[in-house]
Protein chains: 2
Amino acid sequence: MMTNQYQPAPRSRRERPAKSALTRQGIIDVGLAILQNDGLNKVTMRRIAEALDTGPASLYVYVRNTVDLHAQILDALLAAVTESLPVDGTWRDRVKQLLKRYLLVLFKYPEIAQMTLTTHLNGPNYLALLEHLLALLHEGGMADHDAAWASDLLLLYATAVAAEHSPRKSSSQTADEDQVFFATITTVDTSKYPNVTRLGDELFSGSGTERFQWAIDTILNGALNPPHVETEQKNV
Amino acid sequence: MMTNQYQPAPRSRRERPAKSALTRQGIIDVGLAILQNDGLNKVTMRRIAEALDTGPASLYVYVRNTVDLHAQILDALLAAVTESLPVDGTWRDRVKQLLKRYLLVLFKYPEIAQMTLTTHLNGPNYLALLEHLLALLHEGGMADHDAAWASDLLLLYATAVAAEHSPRKSSSQTADEDQVFFATITTVDTSKYPNVTRLGDELFSGSGTERFQWAIDTILNGALNPPHVETEQKNV
DNA sequence: ACCTGAACACCGTTCAAGT
DNA sequence: ACCTGAACACCGTTCAAGT
């Protein structure tokens, strides 16, 4: 989407809007463009090499393998998460906003969310996100130990939600699957699965946003509640 | 590698212990065997067809596509989760045991965990797991609405933990990545990321089991705490 | 209905050879 | 050091033709 080396005399624009050079940044730029147009599984060595007017072998100077390629692209995407965050509202609201921001980026490129779970993020953008989150939990009075683990849980949850909503390969029946599951749940053997039957409607209640907020509140409240050790199960 | 038409006189057993027929079940059996030996990304149409002494095109009678193939294999794996569950202990302990069981299956075939996030499970084994979990939450006195949403959150969390620990492609540096992240965290710009620096050690404290239990307790306590609506942020 | 061979349109990665 | 052509060893899926 953008040139790195120089602008090639703006005489007659090519159809291809921007040209990328055979550099690490150029490879990532081309990869991002392909990701937006054709999805992650088209972000291949061969496709990128073709866009760069070379053979796939040439990319291996800048990229270890396909996994590494995708990881570098993900890191570039994460830059948008912590840009110009709002500073007003309660800490709790800002936690939700921060995580919603993160979620939105992953939703925009849903196939990337899956990768996020298995690729360990350690780029500056991920660190900035973590920093903001920890600061907010601290502001909310959460103990350090709990805040550290809660931040992990919250980010893992948000990532999982995004991954869950990502299409497994191409497009097709994402909504269909939900309906199939709902149909299964409501048709299920009542005597065999009494609780599933009884809670059938509740399992599907609420909007995505409502459930997201519920989950965050639940985690925050749990982590703010000091006696969350196993000693208080006596109320059963 | 083996014949489909007839058994060649049971004189001397072949090395390959069992033979699979060209049926839905035979395909899944072969798929499971390949999964255990060579990992998920070797569970390909071509490999299965080869093991079944036919061409890849023949599989498309029983399997819609590769995604469907993998989903059916996953469903078969999930059978082990709800077999002969223990019935003693507090409801809280049994929740943990149940989820640990689920986690163990996903850990055993880690590449499958990723799939679990994006493929909607609706097989009988997943329903049985859900049923057990809902019954335990009910036993623990959790309100129906909260129990429904909490079960979702708990299962999503467990799945995400498993997916997180799955190698992204082949094997190699899973532990390395953690060390790289730890190195990054502890080397990070203190003034830019004060909270990350301050909590650096806490972010990596505890064993996997401890963190798993902490997370479950946190979620359970949060969901058992009725006033988890946004109205109680006033304590800031 | 089920099965197949053959083809189409792709992949990642390596390597010897060039510059 | 970087770049390349060519090759190796694979993929998923479709389709016309067979049984």
Side-chain angles (χ1 to χ4, degrees), chain A residues 4-5 19-31 33-35 37-74 111 114-115 118-119 167-173, chain B residues 1-6 19-31 33-35 37-74 111 114-115 118-119 167-173:
Chain A
N4 264 349
Q5 298 297 68
K19 219 189 42 154
S20 288
L22 184 41
T23 62
R24 200 199 74 100
Q25 193 52 242
I27 289 170
I28 290 178
D29 288 344
V30 170
I34 297 176
L35 175 64
N37 291 332
D38 303 306
L40 185 64
N41 43 30
K42 296 293 181 184
V43 183
T44 65
M45 296 291 192
R46 292 182 115 98
R47 279 283 290 267
I48 291 177
E50 189 194 10
L52 256 28
D53 265 329
T54 183
S58 303
L59 306 181
Y60 282 77
V61 179
Y62 305 98
V63 144
R64 216 194 318 266
N65 50 36
T66 307
V67 170
D68 184 44
L69 168 69
H70 288 172
Q72 292 198 41
I73 290 173
L74 165 62
E111 297 147 308
Q114 269 178 275
M115 188 170 58
T118 48
T119 308
R168 210 191 114 63
K169 209 80 185 201
S170 55
S171 53
S172 70
Q173 70 283 53
Chain B
M1 274 292 188
M2 65 205 76
T3 286
N4 257 357
Q5 299 298 66
Y6 70 104
K19 218 190 45 154
S20 290
L22 184 40
T23 61
R24 200 200 73 101
Q25 192 54 242
I27 290 170
I28 290 178
D29 288 345
V30 170
I34 297 176
L35 176 63
N37 291 332
D38 304 305
L40 185 64
N41 42 30
K42 295 294 180 183
V43 183
T44 65
M45 296 292 193
R46 292 181 114 98
R47 279 283 289 267
I48 290 177
E50 189 194 10
L52 257 26
D53 265 330
T54 182
S58 304
L59 306 181
Y60 282 77
V61 179
Y62 306 97
V63 143
R64 216 195 318 268
N65 50 39
T66 307
V67 170
D68 184 44
L69 168 70
H70 288 172
Q72 292 197 41
I73 291 174
L74 164 64
E111 296 147 309
Q114 268 178 278
M115 190 171 56
T118 48
T119 307
R168 209 189 116 64
K169 209 81 184 204
S170 54
S171 52
S172 69
Q173 70 282 53

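Throughout, protein chains are lettered first and strands after them, A, B, ... in sequence-line order, and every chain is numbered starting at 1.
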In whole Å, I'd like the distance from the [atom1] atom of [X] to the [atom2] atom of [N].
X     : N      : atom1 : atom2 : result
A:R47 : C:dA9  : CZ    : P     : 15 Å
B:I48 : D:dT13 : CD1   : P     : 12 Å
A:R24 : D:dC2  : CZ    : C1'   : 17 Å
A:Y60 : D:dG5  : OH    : P     : 16 Å
A:L22 : D:dC3  : CG    : P     : 5 Å

Who does D:dT13 pair with, Watson-Crick or G-U, both distances under 3.5 Å?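 Paired with D:dT13, as far as the under-3.5 Å criterion goes, is C:dA7.
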
Mate of D:dC2 where both pairing distances stay under 3.5 Å, Watson-Crick or G-U: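 WC or wobble partner is C:dG18.
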
Nucleotide of [options] approaching [X] most closely (side-chain heavy atoms):
X     : options                : result
A:P56 : C:dT13, D:dT4, C:dT4   : C:dT13
B:T44 : C:dT14, D:dC3, D:dC11  : D:dC11
A:N65 : C:dT13, C:dC11, D:dG12 : C:dT13
B:M45 : D:dG12, C:dT13, C:dT4  : D:dG12
A:A57 : D:dA6, D:dC3, D:dC15   : D:dA6
A:Y62 : D:dC2, C:dT4, C:dG12   : D:dC2
A:R46 : D:dT14, D:dC3, C:dT13  : C:dT13

Euclidean distance, A:I28 CD1 relative to A:T23 OG1, rounded to 0.5 Å: 8.5 Å

What's the separation between atom CG in B:L52 and atom CZ in B:R47, rounded to the nearest 0.5 Å? 13.0 Å

Using the [atom1] atom in both, what is the distance from [N] to [M], to the nearest Å?
N      : M      : atom1 : value
C:dA9  : D:dA9  : P     : 24 Å
C:dC3  : D:dA16 : C1'   : 13 Å
C:dC15 : D:dC2  : C1'   : 15 Å

Quick check on side-chain contact (heavy atoms from CB on, under 4.5 Å): which of B:L59, B:V43, B:L74, B:T44 does B:L69 satisfy it with? B:V43

Would a distance-only check, ignoring hydrogens and angles, find a side-chain to backbone donor-acceptor pair under 3.5 Å from B:Y62 to B:L22? yes

